[in-house]
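Worksheet: the structure to be examined is printed underneath.
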Amino acid sequence: MIRFTQKQKQTQKLDYYLPNRNTQFLKIWLKKYPWLVYDEFLNLMFCALCRKHGVKSGGSQGSFFHGTDNFRTEFLNAHHLSEAHAKASLMEATSGSPGNRAATDLMVRTMSKVTLGRVENLFRSCHAIAKTGRPLKDFIWMCKLDDMKGVDIGLVFRTNKSARTFTYFIAEVERKNLRQKLEKSKFFSVISDGFIDSFIEEAKLVYVQFAHAGKVHCQIVGVHTVEEKDPLAIKTAIEKTLEVNLQVRLSSQDWAKKLVGFGSDDAPEKEEGKELALLLREIQPCVQTVYCLAHQLELSYKAVFQNIPLYNALQDLLHSIYHFYQNSTVHKSSLITAFKGLHLQPVMPSQIGGPRWLYRLQAALQNFLKGYPAIVQQLQSADEGRWDTNEQKAKELLNLLLQADIIKFAHFLVDVINVLTILSRVSQNRNSSIADIFATLESTVKMLQIYQTRPGPKERSVHSVIHFHSNCLKGKENISDVRNVVLTHLIRRLRGCFRDASLDVVRATMIGSFKLWPTKINQEFGEKEVSILIAHYEPVLEAASVKIDEVDTEWSMLKLEIYAKFQNIRKLTWDFVNSIYSHKYPNILMLVDLVLALPASSAEAERGFNQMKRTKSHMHAKIRAESLTDSLIIQLNSPDINHFDPRKAIHLWNTRTPSSTSDTGSNSDCSSNSESQDESDE
């Protein structure tokens, strides 16, 4: 701090103003603030950086762009600490200026690089907050934490408004990358998954799936609210999401020619789903609509079983047994003792329902049947009168456990669940193609049809017995009618997943899955399938400049070379095949890219929905769809925290932010104590 005598203070008022241009103090202040430029003729000062990069701030700070005669020290310091000046410094640091500059310019550039380092730290904080699904209001205390750790983040851009801006540009980089990838690809599909929650009444998650050189990409585009749940509103929401986030007009000729498929979570028997499929065919007649198998499997299961009294009785029994032992350490200890007395490995009853419901139900049934003899023995000890209040509950459970129809239905249900679990596992596998899922679905349907004519392996073990683990069963023994009703409805609903798609086209996609290729060469393999795909997608292939007349020949030659060169066909991947043969067989490999772009299901969108629920669980107020979109794009599309490079987002922020910014000269906006928060984004 420069100190002055009382006489100097009285004559020149140096505690408030800078000295005149003829004094030595002017040089001192110009050296301290190398960005200042002094006009001797006009007796005005202005900020060279703000002028150079066209950054105008509002309020009183705007005078540093046009020139000011206010030389008060605090006025200069306020501009030095303003967001407008920091933005200009950042633009200077990222500009391609030559290295051989004067000493003052070099000092300015050095100071600007310091600003760049600070902003990089702030961008990393925003990325980490969004990547982990935390609310943006955490940005304020993370800045305070950086201060305590000695991390240099400066005194500006420490508000929730800045955090939202930084998050937007981080997400914008990922949107830009996605658009560039989508432009390179010749074909793409749209996947949509709807959800309803307490804050956003009805919204759609929109994804795009495409393949380039044999590598499949499935990435989120955004979240968009739906005002009315009708097909036209949903179609409009999907189109708007693509246009706003990727500048992709789905109805335009260029993009409509690329559209090959649509994946939806809607139930196919709903009129809304059928009408939406028809509306998309108006854009592109070749579109294949596939309903999410994972979602349809859950809907089918619940719709079929909810009206079966025997199933409801078994479900209540599993639920009651779980809580009977879970809520009492005495009962649990007694059950373990019963297992040991029977020389069995203890298997405790498990819970049903909730996430991964199918796998939990499978585990609960398996544990129930394995632990059946110990459970029965332990419940029979109620006759000794040791449990008083629980005696009646134990007798009720024991009575149900000895019902023949419940035991046989439990075994039948294990057979069905074991088949459905395989289908569910394949449909939720990211590496499963539409051909893999369809082939597994056909096998599932065939297996269920077999169970219609004869019991499955588990049910056969108790089909004609009247004793189970030495316990005499009572009641009805025949469950044939129930089995037939369940399987008939289940088969019908599962087949509906591909109701609005051409089954011939879906079957023909088997050429795109090496898992479905024969182990030894078959000259006729794939020839019919290639012809079907060409006939259906001919306009799309022509728009992609595929030489259709050469596809059949390239398929035969590619197939011969693959079988001749590789022993284990089923371990191959199409991106690897493209790296070897793309120059020789470009047309057939383009057709394979089309097949890989078709949506296998909307399971990826379901994962995004689950991620969104976890994100919103941290929120305590309403969050806008735009902010939720930015957060989800960062979570699902951006690199992890260790590999995130903020420079692209900072550069985009520099080039895209308007040069005129709001007034940030007040101390409350620039300090670390700023607690202003936008309720809509908390």
Side-chain angles (χ1 to χ4, degrees), residues 175 178-179 181-194 203-212 217-266 268 270-292 434 497-502 504-506 509 533-546 590-591 593-602 604-605:
R175 282 189 281 263
L178 178 56
R179 177 179 169 83
K181 293 177 184 177
L182 204 56
E183 286 177 336
K184 291 180 181 178
S185 66
K186 300 295 184 181
F187 321 101
F188 78 101
S189 295
V190 175
I191 302 174
S192 175
D193 187 16
K204 286 285 179 181
L205 279 171
V206 180
Y207 278 69
V208 288
Q209 180 170 315
F210 55 95
H212 180 67
H217 304 269
C218 186
Q219 292 185 263
I220 188 172
V221 177
V223 181
H224 202 284
T225 55
V226 180
E227 295 179 359
E228 298 179 10
K229 192 175 181 182
D230 67 82
L232 185 59
I234 295 172
K235 174 179 173 286
T236 302
I238 292 172
E239 288 182 313
K240 188 174 181 180
T241 303
L242 290 167
E243 187 170 355
V244 169
N245 292 290
L246 297 181
Q247 291 76 54
V248 171
R249 292 191 63 187
L250 200 60
S251 57
S252 69
Q253 189 175 12
D254 292 339
W255 289 103
K257 288 179 179 178
K258 291 185 174 185
L259 185 63
V260 295
F262 174 63
S264 173
D265 68 321
D266 288 329
K270 289 185 178 180
E271 289 301 322
E272 293 88 346
K274 293 180 181 179
E275 291 180 22
L276 181 58
L278 292 174
L279 289 172
L280 289 172
R281 288 200 191 102
E282 293 177 1
I283 297 175
Q284 173 53 264
C286 298
V287 166
Q288 295 290 299
T289 299
V290 178
Y291 298 99
C292 177
I434 187 172
C497 294
F498 294 92
R499 181 177 297 180
D500 289 322
S502 168
D504 289 337
V505 172
V506 175
T509 60
L533 291 170
I534 290 174
H536 183 81
Y537 283 110
E538 184 175 358
V540 176
L541 293 170
E542 288 179 346
S545 301
V546 175
M590 200 88 74
L591 179 61
D593 275 352
L594 187 154
V595 169
L596 296 177
L598 293 173
S601 69
S602 64
E604 195 67 36

*Mind jotting down which residue pairs meet the side chain to side chain donor-acceptor pair (under 3.5 Å) criterion with at least one end in residues 235-253? Sequence neighbours excluded, please.*
Lys235-Glu239
*Which is it for Met590 and Phe187 under the side chain to side chain contact (heavy atoms under 4.5 Å, CB included) test, yes or no, and what are the steps along the way?*
CA-CA 9 Å; Met590 200 88 74; Phe187 321 101; 3.8 Å; yes
*Please answer whether the main-chain N or O of Leu598 pairs with a side-chain N or O of Gln209 as donor and acceptor at a distance below 3.5 Å.*
yes
*NE2-CG distance between His212 and Asp593, expressed to the nearest 0.5 angstrom*: 8.0 Å
*asked:* To check you understand the geometry: which heavy-atom pair defines the closest contact between Ser189 and Ala597, and what is its length?
replied: OG-O, 2.8 Å
*Side-chain heavy-atom pair Asp500, Arg281 within 4.5 angstrom cut-off*: yes
*asked:* Just so I know, are the side chains of Val290 and Phe498 near enough to count as touching, which here means a heavy-atom distance under 4.5 Å?
replied: yes
*Point-to-point distance, once rounded to the nearest 0.5 Å, from CZ of Phe262 to OG of Ser192*: 5.0 Å
*Which distance, rounded to the nearest 0.5 Å, do you find between the CG of Leu250 and the CZ of Phe188?*
5.0 Å
*Report the C-alpha separation of Tyr537 and Val260 in whole Å, then their side-chain angles, then the decisive distance to 0.1 Å, and conclude whether the side chain to side chain contact (heavy atoms under 4.5 Å, CB included) test is met.*
CA-CA 8 Å; Tyr537 283 110; Val260 295; 3.9 Å; yes
*Quick one: does Ser264's side chain have a donor or acceptor within less than 3.5 Å of a partner on Tyr291's backbone?*
no
*Flag the pair His536 / Cys286 as yes when at least one side-chain heavy-atom distance between them is below 4.5 Å, and no otherwise.*
yes
_Using the rule given for side chain to side chain contact (heavy atoms under 4.5 Å, CB included), can you reason through Val190 versus Leu259, listing the C-alpha separation, both sets of side-chain angles and the distance that settles it, and then say yes or no?_
CA-CA 8 Å; Val190 175; Leu259 185 63; 3.9 Å; yes
*What's the shortest heavy-atom distance between Leu182 and Lys258, and which atoms?*
O-NZ, 3.5 Å
*In Å and rounded to the nearest 0.5 Å, what is the CG to CG distance from Leu232 to Leu276?*
9.5 Å
*Which pair of non-hydrogen atoms, one from Ile434 and one from Ala600, has the smallest distance, and what is that distance?*
N-CB, 3.7 Å
*Looking only at non-hydrogen atoms, find the nearest pair between Pro599 and Gly263 and report the distance.*
CG-N, 3.7 Å
*From Ile220 CD1 over to Leu205 CG, what is the distance, rounded to the nearest 0.5 angstrom?*
5.0 Å
*Without swapping roles, check the side chain of Arg175 against the backbone of Leu246 for a donor-acceptor pair under 3.5 Å.*
no
*Taking all heavy atoms of Ala544 and all of Lys186, pick out the closest pair and write down the distance.*
CB-CB, 3.9 Å
*Mind checking salt bridge (Lys or Arg N to Asp or Glu O under 4.0 Å) for Glu538 and listing every partner two or more places apart, or none if nothing turns up?*
none
*Output, in order, the C-alpha distance, side-chain angles, deciding distance and verdict of side chain to side chain contact (heavy atoms under 4.5 Å, CB included) for Val546 and Leu594.*
CA-CA 11 Å; Val546 175; Leu594 187 154; over 6 Å; no
*Is there a side-chain contact between Lys184 and Phe210 (heavy atoms, below 4.5 Å)?*
no
_For the student: nearest non-hydrogen atoms of Gln288 and Ser502, plus distance_ = OE1-N, 2.8 Å
*Nearest-0.5 Å distance, CG of residue Leu533 to CG of residue Leu541*: 8.5 Å
